[in-house]
Amino acid sequence: IKRPPSLGWKTLENPNRLTRIFKFRSEEKFNAFVLDVLEHQAETGHHGRLTVQYPQVKIDVWTHTLNDITEVDLEWAKAVNEIYEGYNE
């Protein structure tokens, strides 16, 4: 299993995947973050599994065809971390 891109992401198995929970204090920032992540998915063509329930968003990401974590997933998770930094209070 490859290492997560930075703090906050953990690796889980069955399938091997990266996972992280993002927490928010304001519903406005929560909603904006979700929209930014959806836009990122559309731009990259790579999609995570989002569990959206205010005040948190849980994201799991892996390469579905391989049921494993690839470089694409690591880069994708890093980009989501950068999106989150813009909303971190």
Quiz item: Val72: what forms a side-chain contact (heavy atoms from CB on, under 4.5 Å) with it, not counting sequence neighbours?
Solution: His46, Thr70
Practice problem: Name all residues meeting the side-chain contact (heavy atoms from CB on, under 4.5 Å) criterion together with Glu82; count only those two or more places apart in sequence or in a different chain, and write none if there are none. | Solution: Lys78
Quiz item: Are Leu18 and Leu66 linked, directly or through other ILVMFWY residues, by side chains that come within less than 4.5 angstrom of each other?
Solution: no
Quiz item: Do Tyr87 and Ile21 belong together in a cluster built from hydrophobic side chains that touch within less than 4.5 Å?
Solution: no
Quiz item: Ring centres of Trp76 and His40 under 6.0 Å apart?
Solution: yes
Quiz prompt | Aromatic contact, Phe33 with Tyr84 (centres under 6.0 Å) | solution = yes
Exercise. Name all residues meeting the ring-ring contact (aromatic ring centres under 6.0 Å, His included) criterion together with His64; count only those two or more places apart in sequence or in a different chain, and write none if there are none.
Key: Trp62
Could you measure the distance from the [atom1] atom of [X] to the [atom2] atom of [Y]? Nearest 0.5 Å is fine.
{"X": "Ile69", "Y": "Thr63", "atom1": "CD1", "atom2": "OG1", "value": "9.0 Å"}
{"X": "Leu38", "Y": "Leu50", "atom1": "CG", "atom2": "CG", "value": "6.0 Å"}
{"X": "Tyr54", "Y": "Lys23", "atom1": "OH", "atom2": "NZ", "value": "12.5 Å"}

Practice problem: For residues Arg17 and Arg49, determine if any side-chain heavy atom of one lies less than 4.5 Å from a side-chain heavy atom of the other. | Solution: yes
Practice problem: Report yes if some heavy atom in the side chain of Asn16 is under 4.5 Å from a heavy atom in the side chain of Thr11; otherwise report no. | Solution: no
Quiz item: With a 3.5 Å cut-off and no angle check, do the side chains of Arg20 and Asn81 form a donor-acceptor pair?
Solution: yes
Self-check item: Polar side-chain atom of Gln56 near backbone of Phe24 as donor-acceptor pair, under 3.5 Å
Solution: no
Quiz prompt | Residue pairs passing the salt bridge (Lys or Arg N to Asp or Glu O under 4.0 Å) test where at least one lies in residues 36-45, sequence neighbours excluded | solution = none
Quiz item: Quick one: side-chain hydrogen bond (donor to acceptor under 3.5 Å, both in side chains) partners of Thr19, sequence neighbours excluded?
Solution: Asp60
Quiz prompt | Heavy-atom closest contact (Asn67 atom, Pro15 atom, distance) | solution = OD1-CB, 3.5 Å
Quiz prompt | Phe30 versus Val57, closest heavy-atom pair with distance | solution = CE1-CG2, 3.4 Å
Exercise. Under the side-chain contact (heavy atoms from CB on, under 4.5 Å) rule, what do Val37 and Phe22 come out as? Steps first, then yes or no, please.
Key: CA-CA 12 Å; Val37 172; Phe22 298 88; over 6 Å; no
